[in-house]
**Student:** 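Shown below is the structure under consideration.
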Amino acid sequence: MKTQIAERIAQALKKLEIHFPLEKIEVEFPKVKEHGDYSTNIAMVLAKELKNTPRKIAEELVAVLSEYKDFFQKIEIAGPGFINFFLEPSAYHEALKNVWDKNNELVLPNIGNNKKVLIEFLSANPTGPMHVGHGRNAVVGDVLARLLEKVGYQVTREFYINDHGVQIRTLGRSGQYYYKRLVGDINDEQLADDVYRGEYLEILVKKLKEEIKELVGDTLLIGKLLGEHLLEKIKVELERLDIRFDRYFSESSLYSKGKIDEMFEALKDKTYERDGALWFHSTLFGDDKDRVLRKNDGSLTYFSPDIAYHLDKFERNYDFYINVFGADHGGYIQRLQAAVEALGYETNRLEFILMQMVNLKRGDEKVGMSKRSGAYVTLGEVIDEVGPDATRFFFMMRSHQTTLDFDLELAKKHSSENPVFYLQYAHARICSIFNKLSEKGENDSLSEANLDLTSLDLPEELEMIKLLLKYPEVMMQAAVKREPHRIGFYLLEIAKLFQNYYTKGKLNPRYRVLEGEKEQIQAKFYLLTAIRAVLRLGFKILGVSAPEYMEAPEAEE
RNA sequence: GCGCCCAUAGCUCAGCUGGAUAGAGCGUUGGUCUACGAAACCAAAGGUCGCAUGUUCGAAUCAUGCUGGGCGCGCCA
C-alpha cells in the first residue's frame with residue numbers, strides 16, 4: 001500500500017518536472033487518525049532544494065494527486081506541510097484481495113534473496129541442565145531463524161558444543177566423584193572442591209554405573225560419556241520447544257580435523273611470544289588488549305578453538321553470520337571480531353545479538369535459587385509449569401536488549417492478562433465462528449470468483465483491514481532489525497481489534513459474522529480468514545500453537 | 001576505572017529510517033451478557049519520556065556530559 005502511494009507521488013512529481021527518486025519518498029502511518037491513513041513529508045523535504053515553502057509545494061502536488069479519484073478519498077495539507085491521504089474503502093478492499101499467493105498463503109516480502117545465513121545460538125555447555133537464560137537464547141535464536149526463512153533467507157542453525165577442554169575434565173571428575181560415592185569408595189568429607197554438583201549428575205551417574213565402572217581413572221572419557229548424555233537431554237528439552245539445530249558442531253572436531261593448526265598458521269604474523277605464552281596481537285584490530293592463545297603450560301585458552309571455529313564458519317562461506325550470545329559474553333565480541341578481521345574476513349559479515357538476563361518471578365516474588373537442585377530453576381521446570389507455548393512467547397515478548405521479567409504466575413493464567421492466552425483465544429474464536437458457518441452449510445458457497453467486499457464498510461472493519469495490511473512491513477522490520485519481539489506486539493493489536501469487533505456483535509447484528517445478506521457474510525468471512533491467516537503466520541514464526549478450540553474452565557461461583 | 005546494555009503512566013513495557021495531541025496491558029474507578037465462546041468488551045483518571053547541553057523547520061528518538069541500575073573486564077571456561 002505504501003509503495004502504491006509512493007508511486008503515485010512519484011508520478012505527480014514527474015508531471016511537475018521535479019526530480020526525486022522513488023526510493024526516497026517516505027510514506028508513513030500517522031499516529032493520529034485525523035491525520036489520515038497515510039502521510040508524507042515530501043513537501044518539507046523538497047522545500048530547501050526548490051526554494052519554496054513546504055505548503056506551496058504541497059498544494060501543487062495535491063492538485064495533481066487529486067486526479068486519482070478512485071484511490072484517494074481525500075487529500076489534506078496539514079501542519080508545517082504534511083500531506084495526509086485518506087483512502088477510498090475500495091482501495092483497501094482491493095489490497096485485501098491481494099494478500100494471497102498462488103498457494104493461498106500470505107504473500108511475504110522477499111528481502112533475503114536466498115542469501116545464506118548461519119545463525120549460531122544457545123551453544124550451552126553440556127555439563128548440566130539448561131536454565132532460563134538458555135531458554136531465552138534458544139527461543140530468540142530459533143524465532144529469528146524462522147523469521148529470516150520466511151522473508152527469503154537460507155538459514156542454517158548451529159550449536160557449538162564445548163566438548164573439549166577443562167569443563168569436560170571437570171565433568172569427568174564430577175562423574176568419578178559421584179560414582180565413588182555411589183559404590184562407597186568415598187564419603188562426603190572427601191568432597192572435591194572443583195566438581196559440578198547437582199542431583200541431575202547423581203541420577204545420571206547411577207544410570208551409567210556400569211559404563212563408568214569401565215572408565216574409572218580416566219576422567220576425560222567419563223566426562224565425554226556424561227557430556228554426550230547431557231547433550232541428549234538438552235536436545236530432548238529443545239524438542240519440547242520445537243527447536244532443532246541443523247548442525248551440532250563439536251569443538252573437539254576442530255582438533256581432529258586440524259583446524260586449530262590451520263588457525264595458528266593463518267594468524268602466524270599476528271602473534272608473538274611473551275612470558276612463555278603465545279599472544280594474539282588483537283589490539284592491532286581494535287581490541288582493548290592482546291589475548292593469550294596458548295598458555296605457558298602449553299594448553300590452549302578457550303579463545304583459541306573459538307577462533308578456529310569461526311575460521312571454519314567463514315571457510316564454509318555463508319553470506320553472513322549471526323551469533324546469539326548471553327549478555328555475560330558481551331566482552332567477547334570485540335576480540336572475536338578482531339580475530340575475524342585478522343583472518344582476513346569482513347567483520348561486517350559477523351553480527352552479534354546480545355541477550356540480556358532473565359529474572360524469574362512468581363507474581364511479585366523473585367524466584368532465585370531452587371533448593372533442590374542447587375542451581376537456578378531449570379528450563380525444563382519452567383516448561384513443565386507453564387507449557388511450551390507460554391514459555392516461548394514470554395521469552396519473545398521483550399526486546400532482547402532489555403532484561404526480561406518472566407512471571408510464572410502470569411504465564412499460567414487463562415485470561416486476557418496473559419498475552420499468549422489472549423492471542424490463542426482470539427484465534428479459537430474465529431475458528432469457532434467458522435465451525436458455525438460450515439454447520440449452516442454456507443461454507444461451500446464461499447468462493448473467491450465473484451467476491452464483493454464493498455459491504456465491509458464499518459469503521460472497525462476498515463481498521464482491521466488497515467492493520468492487517470501492515471503485516472509484511474512488520475515482518476520485514478522485525479527481520480531487518482533482528483527484533484522478532486515486534487511480531488508479538490503486532491499480533492496483540494490485531495487480536496484486540498478483532499475482540500472489540502466481535503463483542504460489538506452482542507448488541508448490534510450488523511457486526512455479527514453469521515448474519516446479514518449472503519454477500520455480507522461472505523465478505524466478513526473473507527476478512528476473518530485473512531486475520532486468522534496473519535495470526536497463524538505469526539504463531540508459526542513465534543513457534544506457538546494455534547488451537548482451534550480451547551477447553552472452557554470450570555464455572556466459578 | 002574501562003567497555004556493552006537499560007532508564008517512557010502506580011507496575012510491566014511498545015514507540016518503526018527524528019515528525020504534527022507520547023501509546024498498550026495490568027492495577028484503580030465506572031459501565032456492557034435472552035444473541036457468532038463474558039476465558040470477552042467499552043469508558044475514565046493517570047506522563048517535566050532519568051537530568052543537562054547541543055544538532056534543526058521539528059528530538060522520547062541523534063550527539064556529548066552527568067546520575068541511577070544490569071552485565072562484563074584472567075595465561076577461567
Side-chain angles (χ1 to χ4, degrees), chain A residues 26 28-32 34-35 39 41 44 47-48 54 78-82 84 125 127 162 165-168 170 274-279 288-289 291-297 299-303 306 326-334 352 354-357 359 361 364 397-405 407 410 413-419 421-422 424-426 428-437 470 473-474 476-478 480-481 483 485-486 488-490 492-493 496 499-509 511-515 524 528 549-553 556:
Chain A
E26 291 181 35
E28 50 194 28
F29 304 106
K31 280 184 198 160
V32 199
E34 288 71 40
H35 295 150
S39 76
N41 60 354
M44 281 132 83
K48 237 180 211 167
F82 290 102
N84 297 334
N125 282 349
T127 52
N162 295 118
V166 180
Q167 77 275 20
I168 289 298
T170 309
R274 195 177 76 202
D275 305 331
L278 183 71
W279 294 72
D288 300 340
K289 40 186 149 181
R291 309 288 170 177
V292 172
L293 296 182
R294 193 191 298 116
K295 300 180 239 174
N296 60 14
D297 68 0
S299 68
L300 300 185
T301 59
Y302 178 84
F303 189 33
D306 236 29
D328 52 345
H329 284 66
Y332 219 68
I333 294 177
Q334 213 170 27
F352 293 87
L354 211 54
M355 308 284 323
Q356 295 301 316
M357 296 180 47
N359 297 318
K361 286 175 138 182
D364 288 333
M397 62 184 196
R398 296 280 174 260
S399 154
H400 57 76
Q401 48 200 349
T402 74
T403 50
L404 170 72
D405 285 332
D407 184 348
L410 182 60
K413 274 191 188 158
H414 282 199
S415 75
S416 56
E417 288 170 65
N418 179 351
F421 170 82
Y422 186 80
Q424 292 182 326
Y425 183 58
R429 258 187 168 171
I430 295 175
C431 293
S432 163
I433 294 172
F434 287 0
N435 285 336
K436 284 260 155 60
L437 197 63
K470 286 188 192 173
E473 179 158 341
V474 171
M476 218 170 72
Q477 291 282 352
V480 169
K481 299 195 159 256
E483 291 182 352
H485 70 283
R486 291 173 186 233
F489 282 100
Y490 171 71
L492 284 167
E493 267 184 79
K496 186 177 161 100
Q499 294 283 33
N500 177 357
Y501 176 73
Y502 177 92
T503 308
K504 286 217 162 101
K506 296 280 171 207
L507 299 172
N508 185 346
Y511 286 79
R512 269 172 240 157
V513 180
L514 302 177
E515 286 186 33
K524 287 186 277 193
L528 288 205
Y549 175 79
M550 293 170 88
E551 199 69 35
E556 282 177 44

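Letters A, B, ... are given to chains in the order of the sequence lines, protein chains preceding strands, and every chain is numbered from 1.
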**Student:** Taking for each residue the nucleotide of RNA chain B with the nearest heavy atom, is it A:Lys289 or A:Ser432 whose nucleotide lies nearer the 5' end?
**Tutor:** A:Ser432
**Student:** Taking any heavy-atom pair under 4.0 Å as a contact, classify A:Tyr490: base, sugar-phosphate, or nothing.
**Tutor:** nothing
**Student:** Under 3.5 Å between N/O atoms: give me all the protein pairs with nucleotides 1-7 of chain B, atom names plus distance.
**Tutor:**
residue, atom, partner, partner atom, Å
B:rC5, O2', A:Gln401, O, 2.5

**Student:** Quick one: is A:Asn500 getting a side-chain N or O under 4.0 Å of the B:rC42 phosphate, OP1 or OP2?
**Tutor:** yes
**Student:** Can you check B:rC41 for me, syn or anti if syn means within 90° of 0?
**Tutor:** anti
**Student:** Please give, in whole Å, the distance from B:rC42 P to A:Gln499 CD?
**Tutor:** 9 Å
**Student:** Could you state the atom-to-atom distance from CG of A:Asn508 to C1' of B:rU34 in whole Å?
**Tutor:** 17 Å
**Student:** Which residue lies toward the 5' end of RNA chain B, A:Asn296 or A:Val513, if each is placed at its nearest nucleotide?
**Tutor:** A:Val513
**Student:** Below 30° counts as parallel, above 60° as perpendicular, anything between as tilted: where do the rings of A:His485 and A:Phe489 land?
**Tutor:** perpendicular
**Student:** What is the nucleic acid contact for A:Tyr511, judged by heavy atoms within less than 4.0 Å: base, sugar-phosphate only, or nothing?
**Tutor:** base
**Student:** Just to verify, what does A:Glu26 make a side-chain hydrogen bond (donor to acceptor under 3.5 Å, both in side chains) with, not counting sequence neighbours?
**Tutor:** none
**Student:** With 3.5 Å as the limit, what N/O pairs link the protein to nucleotides 45-47 of chain B?
**Tutor:**
none

**Student:** Can you sort out the partners of A:Ser299 under side-chain hydrogen bond (donor to acceptor under 3.5 Å, both in side chains), two or more places apart, ordered by chain and number?
**Tutor:** A:Asp297
**Student:** For A:Phe29, give me all partners under side chain to side chain contact (heavy atoms under 4.5 Å, CB included), at least two apart in sequence or on another chain.
**Tutor:** A:Lys2, A:Tyr38, A:Lys470, A:Glu473
**Student:** Under the side-chain hydrogen bond (donor to acceptor under 3.5 Å, both in side chains) rule, collect the residues that match up with A:Glu417, sequence neighbours excluded.
**Tutor:** A:Lys413
**Student:** Wobble G-U and Watson-Crick pairs count when both distances are under 3.5 Å; given that, what is the 5' to 3' dot-bracket string of RNA chain B, with | for pairing to other strands?
**Tutor:** (((((((..((((.....[...)))).(((((.......))))).....(((((..]....))))))))))))....
**Student:** Could you tell me whether A:Ser415 contacts a base, only the sugar-phosphate backbone, or nothing, with contacts defined as non-hydrogen atoms closer than 4.0 Å?
**Tutor:** sugar-phosphate
**Student:** Confirm from the modelled atom types if A:Arg429 and B:rA40 form a donor-acceptor pair under 3.5 Å, side chain to base only.
**Tutor:** no
**Student:** Among residues at least two apart in sequence or on other chains, which ones pass ring pair (Phe, Tyr, Trp, His ring centres under 6.0 Å) with A:Tyr490?
**Tutor:** none
**Student:** To check you understand the geometry: which heavy-atom pair defines the closest contact between A:Asn418 and A:Leu410, and what is its length?
**Tutor:** ND2-O, 3.1 Å
**Student:** Looking at B:rA38, I'd like to know if its phosphate oxygens (OP1 or OP2) sit under 4.0 Å from a side-chain N or O belonging to A:Tyr502.
**Tutor:** yes
**Student:** Can you name the side chain to side chain contact (heavy atoms under 4.5 Å, CB included) partners of A:Asp405, sequence neighbours left out?
**Tutor:** A:Asn359, A:Lys361
**Student:** Of the candidate nucleotides B:rU32, B:rA77, B:rC36, which contains the atom at the shortest distance from the side chain of A:Tyr332?
**Tutor:** B:rA77
**Student:** Could you pull out all residues at least two apart from A:Gln167 that satisfy side-chain hydrogen bond (donor to acceptor under 3.5 Å, both in side chains)?
**Tutor:** none
**Student:** Who pairs with A:Ser416 by side chain to side chain contact (heavy atoms under 4.5 Å, CB included), at least two apart in sequence or on another chain?
**Tutor:** A:Tyr422
**Student:** Considering just the side-chain nitrogens and oxygens of A:Lys496, establish if one lies under 4.0 Å of OP1 or OP2 belonging to B:rA14.
**Tutor:** no
**Student:** Within the sub-3.5 Å range, which N or O atoms of nucleotides 16-20 of chain B have a protein N or O partner, and how far apart are they?
**Tutor:**
residue, atom, partner, partner atom, Å
B:rC16, O2', A:Gln477, OE1, 3.1
B:rC16, O2', A:Gln477, NE2, 3.0
B:rU17, OP1, A:Lys481, NZ, 2.0
B:rU17, OP2, A:Lys481, NZ, 2.8
B:rA20, OP2, A:Lys31, NZ, 3.2
B:rA20, N6, A:Ser39, OG, 3.3
B:rA20, N6, A:Asn84, OD1, 2.9
B:rA20, N1, A:Asn84, OD1, 3.1
B:rA20, N1, A:Asn84, ND2, 3.1

**Student:** Output the single nucleotide from B:rC41, B:rG15, B:rU12 whose closest atom is nearest the side chain of A:Asp405.
**Tutor:** B:rU12
**Student:** Taking all non-hydrogen atoms of both residues, which atom of A:Trp279 and which atom of A:Arg274 are closest, and how far apart?
**Tutor:** NE1-O, 3.3 Å
**Student:** Nearest whole Å is fine: how far is B:rG25 C1' from A:Lys413 NZ?
**Tutor:** 12 Å
**Student:** Apply the test side chain to side chain contact (heavy atoms under 4.5 Å, CB included) to residues A:Asn162 and A:Tyr302: give CA-CA distance (whole Å), side-chain angles for both, the deciding distance (0.1 Å), then the verdict.
**Tutor:** CA-CA 9 Å; A:Asn162 295 118; A:Tyr302 178 84; 3.6 Å; yes
**Student:** Quick one: is A:Lys295 getting a side-chain N or O under 4.0 Å of the B:rA77 phosphate, OP1 or OP2?
**Tutor:** yes
**Student:** Output yes when A:Arg486 and A:Glu483 qualify as a salt bridge under the 4.0 Å nitrogen-oxygen rule, no when they do not.
**Tutor:** yes
**Student:** Nearest to the side chain of A:Ser416, heavy atoms from C-beta on, is which of B:rC75, B:rC42, B:rA40?
**Tutor:** B:rA40
**Student:** So, for A:Phe303 and A:Tyr332, is the gap between ring centers shorter than 6.0 Å?
**Tutor:** yes
